[in-house]
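First comes the structure, then the notes that go with it.
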Amino acid sequence: MRILVVEDNVALLESINQILSEEFEVDCIENGEEGLFMAMQNIYDLIVLDVMLPEMDGFEVIQKIRGGHIETPVLFLTAKDSLGDRVKGLDYGGDDYLTKPFQAPELQARIRALLRRSGSLTTNQTIQYRGIELFGKEKAILVDGYPIKLTLKQYEMLEYMIQNKGAILTKEQLYDRVWGFDSDTTIGIVEVFVHHLRKKMEPFGYHKDIQTVRGIGYIMKEQ
């Protein structure tokens with residue numbers, strides 16, 4: 001799973017990155033304006049957001065995120081600990097609030113709780129779509145009860161599409177989610193991997209569920 005951390009204290013940002021990278025893919029941003037741009041890509045499972053940020057504060061960032069109909073869970077992380085600030089952050093659409101200084105285990109526990117609540121993380125780490133079962137811990141897949149082999153990137157792409165079943169995903173979203181902004185590959189790799197996924201699903205008939213939305217991207221839904 002992928003987490004965006006927006007924090008202007010470089011030392012703290014590096015520390016959070018080190019803590020979370022043990023479990024998740026982490027993107028780190030140091031200012032509010034760039035953090036908003038990244039958040040609006042809608043490729044993250046959770047956002048850790050500081051309030052006091054250069055260029056745009058965290059309250060303005062979350063207002064624009066929610067205004068864009070993006071429901072990614074947001075954990076506010078800030079030195080401000082007054083009741084008014086906590087209420088303001090939650091009223092603007094924040095899902096939880098952790099004040100500095102904090103201990104790493106509490107940050108990890110709050111993130112896991114938010115991911116469970118949102119459905120991005122389940123206790124048994126499995127997700128299901130029709131006859132397809134994905135086992136997150138083992139990165140294994142059963143289709144109609146039969147195991148099939150996928151590469152890690154193929155698995156991650158299928159997982160992301162199933163997590164967002166019924167929603168249109170742009171090629172850019174798939175590319176940024178699976179390969180990352182700093183990848184050396186080009187966006188054309190998305191079409192290649194979609195083709196491979198369809199070939200793997202064709203014997204079971206599920207290749208038709210990976211539908212092309214012309215000029216935009218793909219959608220996972222029963223045809």
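Counting begins at 1 with the first residue of the sequence.
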- [ ] Output, in order, the C-alpha distance, side-chain angles, deciding distance and verdict of salt bridge (Lys or Arg N to Asp or Glu O under 4.0 Å) for E23 and R112.
- [x] CA-CA 10 Å; E23 296 183 70; R112 286 194 295 269; 3.4 Å; yes
Open item on the list: If you apply the rule side chain to side chain contact (heavy atoms under 4.5 Å, CB included), what do you find for I16 with L107, and how did you get there?
Closed with: CA-CA 9 Å; I16 295 173; L107 173 64; 4.2 Å; yes
- [ ] Mind running side chain to side chain contact (heavy atoms under 4.5 Å, CB included) on L20 and V5 for me, showing each step along the way?
- [x] CA-CA 10 Å; L20 299 184; V5 182; 4.1 Å; yes
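Checked for salt-bridge contact, R198 and E202 miss the test: no charged N lies under 4.0 Å from a carboxylate O. The pair R2-D27 counts as a salt bridge, with a side-chain nitrogen and a carboxylate oxygen less than 4.0 angstrom apart. Classification of D45 and R177 as a salt-bridged pair holds, one side-chain N sitting under 4.0 Å from a carboxylate O.
What you find for I3 and Y44 is that their closest heavy atoms are C-CD2, 3.7 Å. Scanning all heavy atoms of the two residues, the minimum distance from D96 to L90 falls at N-CD2, 4.0 Å. Scanning all heavy atoms of the two residues, the minimum distance from A39 to I65 falls at CB-CD1, 3.6 Å. Here the shortest heavy-atom pairing between G93 and I62 reads C-CD1, 3.3 Å.
Side-chain atoms of R110 never come within 3.5 Å of backbone atoms of L114 as a donor-acceptor pair (strictly under, hydrogens ignored). One N or O on the side chain of Q173 and one on the backbone of T170 form a donor-acceptor pair closer than 3.5 Å. Side chain of D95 to main chain of V74: a donor-acceptor pair is present (N/O by atom type, distance under 3.5 Å, no hydrogens or angles). A donor-acceptor contact shorter than 3.5 Å links the side chain of K153 to the backbone of V178. Side chain of N17 to main chain of L13: no donor-acceptor pair is present (N/O by atom type, distance under 3.5 Å, no hydrogens or angles). Remark: the backbone N or O of F37 is paired with a side-chain donor or acceptor of Q41 at under 3.5 angstrom. Without hydrogens or angle criteria, E7 side chain to N9 main chain gives a donor-acceptor distance under 3.5 Å. The closest donor-acceptor contact from the side chain of N164 to the backbone of A167 lies at 3.5 Å or more, if one exists at all. In this structure, the side chain of Q211 engages the main chain of K221 through a donor-acceptor pair within 3.5 Å. Side-chain N or O atoms of K64 include none that pairs as donor or acceptor with a backbone N or O of V61 at under 3.5 Å.
The environment of CD in Q108 is crowded: more than 12 heavy-atom neighbours from other residues, nucleotides or ligands sit within 6.0 Å. Atom NZ of K200 is surrounded by more than 12 heavy atoms from other residues, nucleotides or ligands within 6.0 Å. For Q128, the CD atom sits in a packed shell: over 12 heavy atoms of surrounding residues, nucleotides or ligands are nearer than 6.0 Å. Counting non-hydrogen atoms of neighbouring residues, nucleotides and ligands closer than 6.0 angstrom, the CD atom of E55 exceeds 12 such neighbours.
Residues L174 and I187 fall within the same hydrophobic cluster, defined by Ile, Leu, Val, Met, Phe, Trp and Tyr side chains chained together at heavy-atom separations under 4.5 Å. Hydrophobic clustering, with ILVMFWY side chains joined whenever heavy atoms are under 4.5 angstrom apart, keeps I210 apart from I168. Connection of Y97 to M52 is established within a shared hydrophobic cluster, with ILVMFWY side chains joined at heavy-atom distances below 4.5 Å, either directly or through further cluster members.
Side-chain contact between D50 and F76: absent, with no pair of heavy atoms (C-beta onward) separated by less than 4.5 Å. By the 4.5 Å heavy-atom criterion applied to side chains, V6 and L53 are counted as neighbours. Between Y175 and T185 there is a side-chain heavy-atom pair separated by less than 4.5 Å.
Checked options D176, T72, L169; the residue passing with N42 is T72 (criterion: side-chain contact (heavy atoms from CB on, under 4.5 Å)).
The distance from the CD1 atom of I70 to the CG atom of L36 is 8.5 Å, given to the nearest 0.5 Å.
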